Amino acid sequence: MHPALLGLITIIVGVGACIGYFWASNQILDKFIFPAKGPNAGRNINRANMIRPWLFLFPALTALGLYLAYPVVETVRLSLTDRDQGGAFVGLANYQQMMGEPKFWEALRNNMLWLIIVPAFSTGFGLLAAQLTDRLKWGNIAKSLIFMPMAISFVGAAVIWKLVYDARPPGTEQIGVLNAIYVYFSGNDPQQWLTIPFWNSILLMIVLIWIQTGFAMVILSAALRGIPEETVEAAIVDGANPFQIFFKIKVPQIMGTIVVVWTTITIVVLKVFDIVFAMTNGQWETQVLANYMYDKLFRANDWGVGSASAMVIMLLVLPILVWNVHNARKEMR
Amino acid sequence: MDNIAGTKSSLNWAVQISTLALVLLWLFPTVGLFVSSFRTADQISSSGWWSALGTQTSQNPAIRIEGEEFVDGDLFVIEGQLFTNADIEVSAWGTSSRAPQAFVPGDVAELSRDRTITVDVGGAYRFTATESQEGQRLPRVFTTATAPPEFTLDNYRTVLVSGNATDNLAKAFFNTLTVTIPATIIPILIAAFAAYALAWMDFPGRALLVAVVVALLVVPLQLALIPLLKFHNEIGIGKGYIGVWMAHTGFGLPLAIYLLRNYMVGLPRDIIENARVDGATDFQIFVKIILPLSFPALASFAIFQFLWTWNDLLVALVFLIDATGETTVMTKQIVELLGTRGGNWEILATSAFVSIAVPLVVFFAMQKYLVRGLLAGSVK
């Protein structure tokens, strides 16, 4: 069958099944199981209302359970077993093997660098952009242009930045802007930037910073707008200069939002895969955990170590997960 | 207002200029790709895209002269034309790779054994020797030529309609679309019902379920790859569209439920309670009141999910693309192009631009909803 046709049928069947399910299950509940008439009408209505939420939740809970909750448990199990031995329990052997691999430590070290640099610079640039555009006439246009990379795929961004980092042989015209500037000012030969360890990781991080700054800017810009005008006016009356107003009055008031932005970008960083996969594929010491895991799972076909490295990512996400749940519960009260 | 805010005009200028600098810095890489996608392969590789509008100077590969020898006085002469393109102007030339720009057009170069050669601006050359060059190797000419800037739609033609299987993106484009649309629509419906229950129905365990959704929001989907691939193989759908639709639906649900619930909680209580008093069932309230009122939140999530599924690489790699490559998506094909066509920027830039054009249109058209969704979706 042609995939487009299959897609159309899926939409119709999927949407139809959803609506059909919700409608029919509600009908059955109200008309047949607990009809709201007859001698027990009152009791039946109450009972129906106790069951109804679960009818509404059932498809979502099934999908969430199957596609997110079950895999977490299953990954824990897989990380403790060995596929080659028919799935036998091997304890922490996979973790031991992983710890023995220099590539893993390289990935972990790089991930830590990413975790520090990308959220810091994205939030920093985002805050700068939010403050700069705050009272500008053309602020909205500026914002939407800085925000634009959010719509670009990591792969598209990888191509865009590979052109920036491109190198041509010495003596010829450079078409990558980084080398063009470098050769012009230093007079040295052009560099293959993506093959120079350490700096190549930084160059990959720049791609993600470029994408995430817009996100940080949008959130922080809304937070800046929410600051009570009186606090700023009071500071002006007291003779504060613009920098003091920004750092001593505004930033402390939006600290909560800054933390939210920081943690959200941290999550993105932990899962970063496409950029490294497309630009260097972890060569020249640019490996990161997500790409290391992909290598283990689908190139080396080693599910045990692959699952173990996925658990490392999960472990790094865990503090943020707990913090988010804690905050959400606080807010619900 | 400006005075109240304490801005001085000098500071105002500094703000304007810094903002402009920041915007240009952020725009620069994308513009480079866009401009490159309209340039010819030769011009891309001979000059940076920022000089695309200027006269193009390029060093041409060496051309070994050839032609009929004729006798002119006591000299043996060969004359001819280096280029077929009449627009090219020679700015410098030479006879060895060590000094390819030794002469300007019109100069006469003295070669060994009393031979001479001269090249003019148009690329016409005249070679003279005191003895016949029959059977001898004739000299090579190195030229640096200038040509007017050239822009073309050929790259788009190659990428969109040519028959070349590695370069043609049309199939991948439609595959991406096929993945994206059902994967955007289906989770919205499922999530909307769940969000309504979590927002407006009272039942034990509701707070716990909301916490679970918040927790699942950040679970890395890396954990799901192997268990779900195994699951898909066991139930017999293997790798394919159905699998990728289901995966995207599952992965998109936490954000969808979270966004929609946050929005629905904020809807006015009166409307819903009045409807209840009037005897409307929950199903009717949901379909007739909640869904239409939640349109902004639905739109926000739809945009997120669309961008995310369109731009996705990992989920497609794991759940969709099989060994035949029939179901490849654009992101995957571009990664392959980066490997096989690493230096062919005209193909790469054009493919990348085709793949980001649709999200960019959606982005600029629906930015309002995207921003609103971001503000509601970031866990506070």
Side-chain angles (χ1 to χ4, degrees), chain A residues 3-4 6-7 10-11 14 18 22 26 52-53 56-57 59-60 63-64 67-68 71-72 74-75 129 132-133 142 144-146 151-153 155-156 159-160 163-164 173 175 180 218-219 222 236 242 260 264 267 271 273-274 278 290 293 297 303 310 313-314 317 320-321 324-325 328-329 332, chain B residues 6 11 15 18-19 22-23 26-27 29-30 32-33 46-48 178 182 185-186 189-191 193-194 197 201 203 207 211 214-216 218-220 222-224 226-228 241 249-250 253 282-283 307 311 313-314 331 334-335 338 348 352 355-356 359-360 363 367 371 374-375 378-380:
Chain A
L6 184 66
T10 306
I11 295 176
C18 278
F22 287 115
N26 274 282
R52 200 182 325 277
F56 274 59
L57 284 166
L64 283 179
Y67 276 82
L68 286 165
V72 175
E74 176 70 2
T75 304
L132 285 177
T133 54
S144 81
L145 290 176
I146 294 176
I152 296 175
S153 63
V155 173
V159 176
I160 289 176
L163 180 60
V164 172
E173 193 84 16
I175 66 167
V218 165
I219 308 268
I236 295 167
V260 168
T264 310
I267 301 273
K271 296 191 258 188
F273 163 77
D274 312 30
M293 195 207 87
L297 287 185
W303 290 9
I313 302 178
M314 184 67 211
V317 171
I320 297 173
L321 186 150
N324 279 355
V325 170
R329 292 193 67 109
M332 269 186 71
Chain B
L11 186 71
V15 167
S18 336
T19 314
L22 200 64
V23 169
W26 246 250
L27 219 50
T30 318
L33 189 82
S46 62
S47 68
T178 312
I185 294 175
I186 292 173
L189 259 176
I190 298 180
F193 276 97
M201 292 168 120
F203 59 95
V214 172
L216 292 179
V218 296
V219 167
Q222 267 86 2
L223 271 82
I226 286 295
L228 290 182
Y241 284 110
T249 302
L253 270 181
D282 275 308
F283 188 74
L307 291 179
N311 290 340
L313 172 66
L314 184 57
T331 45
I334 289 170
V335 169
L338 272 174
L348 268 176
S355 87
I356 65 178
L360 282 183
F363 171 83
Q367 203 178 6
V371 169
L374 271 186
L375 292 177
S378 57
V379 186
K380 290 190 196 76

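Just so we're on the same page: letters track the sequence lines, and every chain starts at 1. No experiment lies behind these values; they were computed from the predicted model shown. FYI, side chains are in, hydrogens and waters are out, and symmetry mates aren't considered; it's all heavy atoms of this structure.
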What distance separates [X] [atom1] from [Y] [atom2], expressed to the nearest 0.5 Å?
| X | Y | atom1 | atom2 | result |
| --- | --- | --- | --- | --- |
| B/N311 | A/S153 | CG | OG | 4.5 Å |
| B/I334 | B/L313 | CD1 | CG | 10.0 Å |
| B/T30 | B/L360 | OG1 | CG | 8.0 Å |
| A/L297 | A/W303 | CG | CH2 | 8.5 Å |
| A/E74 | B/L223 | CD | CG | 11.0 Å |

Under 4.5 Å from any heavy atom of chain B, what part of [X] do you find: side chain, backbone, both or neither?
| X | answer |
| --- | --- |
| A/I267 | side chain |
| A/V218 | both |
| A/F22 | both |

Under a 4.5 Å cutoff for heavy-atom pairs, which residue among [options] has the most contacts with chain B?
| options | answer |
| --- | --- |
| A/A180, A/S144, A/A222 | A/S144 |
| A/V72, A/L64, A/V164, A/I320 | A/L64 |
| A/I152, A/L145, A/I313 | A/I152 |

Residue selection (most heavy-atom pairs with chain A, distance under 4.5 Å) from [options]:
| options | result |
| --- | --- |
| B/S355, B/A207, B/P220, B/A352 | B/P220 |
| B/S18, B/P29, B/A197, B/G32 | B/P29 |
| B/G250, B/P227, B/A211 | B/P227 |
| B/L189, B/L27, B/I186 | B/L189 |
| B/L314, B/I226, B/L22, B/L307 | B/I226 |
| B/A215, B/P359, B/A191 | B/A215 |

Please classify the contact between [X] and chain A as side chain, backbone, both or neither, with a heavy-atom cut-off of under 4.5 Å.
| X | result |
| --- | --- |
| B/I356 | side chain |
| B/T249 | neither |
| B/I185 | side chain |
| B/F203 | side chain |
| B/A194 | both |

Quiz item: When you measure from the side chain of A/T133 to the backbone N and O of A/A142, does any donor-acceptor pair fall under 3.5 Å?
Solution: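 Answer holds: no.
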
Quiz item: Does A/N26 reach the main-chain N or O of A/R52 with its side chain, forming a donor-acceptor pair under 3.5 Å?
Solution: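 Such a contact is absent between A/N26 side chain and A/R52 backbone.
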
Quiz item: What heavy-atom pair brings B/Q222 and A/K271 nearest, and what distance separates the two atoms?
Solution: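 Answer, listing the atom of B/Q222 first, then A/K271: NE2-O, 3.5 Å.
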
Exercise. From the options A/V317, A/T264, A/V325, select the one residue that forms a side chain to side chain contact (heavy atoms under 4.5 Å, CB included) with B/V218.
Key: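 Testing B/V218 for a side chain to side chain contact (heavy atoms under 4.5 Å, CB included) against A/V317, A/T264, A/V325 leaves exactly one candidate, A/V317.
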
Self-check item: B/V335: which of A/D274, A/V155, A/V159 passes side chain to side chain contact (heavy atoms under 4.5 Å, CB included)
Solution: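 Considering A/D274, A/V155, A/V159, a side chain to side chain contact (heavy atoms under 4.5 Å, CB included) with B/V335 is found only for A/V155.
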
Quiz item: Sequence neighbours excluded, which residues qualify as side chain to side chain donor-acceptor pair (under 3.5 Å) partners of B/Q367?
Solution: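 For B/Q367, no residue satisfies side chain to side chain donor-acceptor pair (under 3.5 Å) once neighbours in sequence are set aside.
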
